[in-house]
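Everything below concerns the one structure shown next.
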Amino acid sequence: MSVKIAVLGHGVVGSGVVELFYKNKKSIEKHAGTEMDVKYILDLRDFPESPYADKFTKDFNDILNDEEVTSVAECMGGVEPAFTFVKSCLERGKSVSTSNKELVAEKGDILLKIAAEHNCNFFFEASVGGAIPIIRPLHRCLAANDIDKVAGILNGTTNFILTKMYNDNMPFAEALRLAQELGYAEKDPTADVEGHDACRKICIISSLVFGKHVYPKSVYTKGISDVELCDVAAADVLGHAVKLVASVRRTESGKILPVVMPTLVSYDNVMAGVNDVFNAVLVYGDGIDCTMFYGRGAGKLPTASAVLGDVIEAVKHKVTVFSQSWESAEDDSFIESVDELKSFWYFRVPYDSEIDGVEAYNHDDGISFITTQELTFAEAKAKAEKLSALAYMPVL
Ligand code: HSE
């Protein structure tokens with residue numbers, strides 16, 4: 001019997017899912033152990049020229065009420081109507097595989113519970129790191145470890161922009177436009193530039209690794225809109241690359257500290273060499289020491305690859321995979337205040353500031369760049385105020 005799947009959304013990722021499915025149908029079926037076909041594609045737009053024109057529907061109920069459809073790929077993005085659609089599918093026992101970071105970061109605990117209650121699966125490998133396998137390794141291959149820290153470059157668009165700024169001296173706005181053309185950026189690229197997308201991804205990783213739902217509102221998040229070409233050039237002189245780093249660690253108090261910040265990453269650190277749209281995730285555990293996962297973090301086929309990997313898993317697993325879940329959190333008392341974050345720091349300050357950094361140099365346009373000894377975020381903020389700093393970032 002052929003397993004019927006439905007794809008919700010025919011944007012960059014959804015169209016990639018259909019394209020890759022038909023390109024590799026034979027081998028996908030071999031891995032799934034059964035024949036498969038796409039029965040529906042849900043989208044409100046018309047695609048009369050599409051080779052799959054006969055599969056389109058504008059009515060979600062066609063999918064929901066069709067008992068033949070047992071596996072659904074959700075590639076719509078946003079919380080609604082995605083949440084309502086995914087919830088309804090899971091309540092009917094249809095497994096869902098999603099690329100929707102916002103949905104998992106905001107509603108993951110609820111959807112995982114519903115999936116377990118209905119003996120099906122809510123999978124989200126594509127929601128973090130694009131093509132990179134990271135969700136399944138975290139709860140399967142690395143399950144024997146006590147993981148105490150995860151850090152990574154989790155947004156392809158900002159990494160692409162920062163790379164263009166560094167390699168080609170390309171202004172921010174031009175690099176962003178290019179990222180949009182290449183299909184990397186979110187519908188509203190503010191989510192990329194201001195760090196919200198990376199925040200959602202570190203929320204998902206934090207929830208999975210530490211077992212309680214971490215909401216985006218609980219995570220200190222700063223994007224790259226204040227990073228200037230002079231910071232990228234100064235970082236280079238200081239032996240660092242500027243990267244948007246998302247991380248979570250267990251602190252001495254036993255709480256966890258998730259955070260997203262543009263960061264000066266030393267050229268000795270592997271993350272400094274992660275460029276363009278590539279993402280990297282470094283996982284630290286007592287058995288593995290450190291393991292790095294690396295690959296394309298955004299784009300049509302890389303993300304489609306992760307969605308389809310989940311669809312194949314969903315077709316193979318007739319019962320809920322319990323290890324890929326977490327509990328709801330009543331409050332965020334298990335999350336440490338960002339003020340306690342300890343780091344070395346970089347400051348961009350006016351030329352006449354009182355320089356008391358570890359390393360400093362003056363630029364001929366009236367700006368100085370300094371790095372400091374280890375300070376907490378609260379101390380760095382106070383210092384930034386005292387120096388009238390124009391920008392400051394942690395140094396790794
Ligand atoms: N806009 C996201 C990024 C897409 O640039 O990483 C992949 O999640």
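Every value quoted in this text rests on a predicted model; they were computed, and no experiment measured them. Just follow the structure's listing: the first ligand is 1, and inside any ligand the first atom is 1. The chain is numbered in sequence order, starting from 1.
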Audit row: Glu74, Thr98, side-chain hydrogen bond (donor to acceptor under 3.5 Å, both in side chains) steps and yes/no: CA-CA 5 Å; Glu74 188 275 306; Thr98 187; 2.6 Å; yes
Asp109/Tyr215 under side-chain hydrogen bond (donor to acceptor under 3.5 Å, both in side chains): CA gap, chis, key distance, verdict: CA-CA 10 Å; Asp109 56 337; Tyr215 292 97; 3.3 Å; yes
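Annotation: cation-pi geometry satisfied between Lys212 and Phe334 (NZ/CZ under 6.0 angstrom from ring centroid, within 45° of ring axis).
Listed by chain and residue number, Ser333 satisfy the side chain to side chain donor-acceptor pair (under 3.5 Å) test with Asp331 (two or more places apart in sequence, or in another chain). Not counting sequence neighbours, the partners of Lys300 by the side chain to side chain donor-acceptor pair (under 3.5 Å) test are Glu19.
Protein residues having at least one heavy atom under 4.0 Å from any atom of ligand 1 are Lys101, Asn155, Gly156, Thr157, Tyr184, Ala185, Glu186, Asp192, Asp197, Lys201, Gly297, Ala298, listed by chain and number.
Applying the salt bridge (Lys or Arg N to Asp or Glu O under 4.0 Å) rule to pairs touching residues 174-192 yields Lys101-Glu186, sequence neighbours excluded.
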